[in-house]
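Report on the following structure.
Side chains included, hydrogens not; waters and symmetry mates left out as well; all remaining heavy atoms used. Just follow the structure's listing: the first ligand is 1, and inside any ligand the first atom is 1.
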Amino acid sequence: MIYKDLEEKYGSGVYYKRDIEIISGKGVYLYDSQGNEYIDCVAGHGVCLFGHSHPKIVQAIKEQADTLISCPEIFYNDKRAELLEKIAEITPKGLTKTFLSNSGAEAVEAALKFSRKITGKTDIISFTFGFHGRTMGALSATWKAEYKKPFLPLVPGFCHTAYNNLEKLQEVITDNTAAIIVEPVQGEGGVKPASMEFMKGIREICDQKGILMIVDEVQTGFGRTGELFAINRYNVSPDILCLGKGIAGGIPMGATVVREDLSNLDKGEHGSTFGGNPLACNASLAAIRALKEEKLVERSRENGDYFISQLRKNIDETVYKDIRGLGLMIGIEMKQKVGPYLAQLMDKKVLALTAGKLVVRYLPPLIIEKEHIDRVVEATGEIIGRS
Ligand SMILES: *Cc1c(COP(=O)(O)O)cnc(C)c1O
């Protein structure tokens, strides 16, 4: 395996790698250097909402590449202007002021900085098993010790408390709490949805105490959970919304959307060289159009329900602890470590993820069809036990 050898020799070495070389993709399929075809339920960690090489996204990228690729935010730009307006239109009420960046971690990083600026306070509360990225600020909000330990000390002022537990949350709030950052469904943390009571409770606490509610929808946004944004399900509007992953159909982009009446940044206080580049903006515009034209949010909800019900029907209920999810963000919590299952699924030409040690996670493209889901469920059943 020539590419494997090169990557092993010259890559950073920080990734757990699977033993295949992926060289192309089309729709829900990926292809390796040996010509094998896989059903892709990794979708670039949930990025490829539209599958691979979706014609509308490809065309938007090609057209923009021919027109203008780079244009920093010191200049105005047609595609960026259009996208900023679009984001204000589709995100929850009151959120209109967007900072564009290039990844989820950057979107979170900006949200943390903006929270300190807006409130004049320093401390941030996040939750056990939460994941918000790996830059120093975002990493400080992330839960897992193994991601953080070699890099201490992190940013001061962060503390973690139990997810879905309002009482415990109340206990850690202080006069210096600037913001609470929460995922509506914990992704890396095991595909765990927040309860209705929890999200509404956070909103109330924030309103009472002048604390900002940051909702991290980097993984759950843009239809993944069967709603355009997972927060829509809770009928709650955050003060700051973090977006990333599928926002630009696979082109790197992050976005931090702030409530208009709170936004108070001064010139020069934050920035990014690539942020708001026309290539990513046009890809994002095409992505948002395609979501609507192809009814992908509805399909995510329907096919997600189908996926979960087929898993429950076809898998031996004595082998797992729980099958859960929202839309096409789905997890099977097992009673033992799931690492080995991923390699076995790969042998059956299905690519999936883990979420923590005990959960097999599926984040397929939203364009996935029932026939693909049937094949994924069958392969899963063969490995972990059919009913
Ligand atoms: C993936 C993810 C991030 C980090 O995004 P990167 O693009 O990897 O920096 C942040 N928050 C959540 C909820 C994520 O799933």
Original post:
What do the steps show when you test K97 against D261 for salt bridge (Lys or Arg N to Asp or Glu O under 4.0 Å), and what is the final call?
Top reply: CA-CA 9 Å; K97 303 284 278 178; D261 55 323; over 6 Å; no

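- Considering backbone and side-chain atoms together, V218 places no N or O closer than 3.5 Å to any N or O of ligand 1.
- Other residues, nucleotides and ligands contribute more than 12 heavy atoms inside 6.0 Å of the CD atom of E382.
- Counted within 6.0 Å of CD1 on I2, heavy atoms from surrounding residues, nucleotides or ligands total 12 or fewer; the atom is thus considered open.
- For E197, the CD atom is loosely surrounded, since the number of other residues' heavy atoms within 6.0 Å does not exceed 12.
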Subject >> Steps toward side-chain contact (heavy atoms from CB on, under 4.5 Å) verdict (I180, M213) >> reply: CA-CA 5 Å; I180 298 170; M213 178 176 187; 5.8 Å; no

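- Contact annotation for atom 8 (O) of ligand 1: protein absent (non-hydrogen atoms, distance under 4.0 Å).
- In this structure, atom 5 (O) of ligand 1 lies nearest to the protein heavy atom G104 CA, 3.3 Å.
- Among the atoms of D216, some N or O lies under 3.5 angstrom from an N or O of ligand 1.
- The contact set between ligand 1 and A105, taken as ligand atoms under 4.0 Å from a residue heavy atom, comprises 4 (C), 5 (O), 6 (P), 9 (O).
- Scanning the protein for heavy atoms near atom 14 (C) of ligand 1, the closest one is K245 NZ, 3.0 Å.
- Heavy-atom contacts of E183 reach the following atoms of ligand 1: 13 (C) (cutoff under 4.0 Å).
- Within a 6.0 Å radius of OH in Y306, more than 12 heavy atoms belonging to other residues, nucleotides or ligands are found.
- Residue Q344 places its CD atom among more than 12 non-hydrogen atoms of other residues, nucleotides or ligands, all under 6.0 Å distant.
- For ligand 1, one of its N or O atoms has an N or O atom of Q219 under 3.5 Å away.
- Of the N or O atoms in E106, none lie within a sub-3.5 Å distance of an N or O in ligand 1.
- Listed by number with element, the atoms of ligand 1 under 4.0 Å from a non-hydrogen atom of S103 are 7 (O), 9 (O).
- Judged by distance alone, the side chains of H132 and T142 never bring a donor and an acceptor atom under 3.5 Å apart.
- Looking at V108 next to ligand 1, no N or O pair under 3.5 Å apart turns up.
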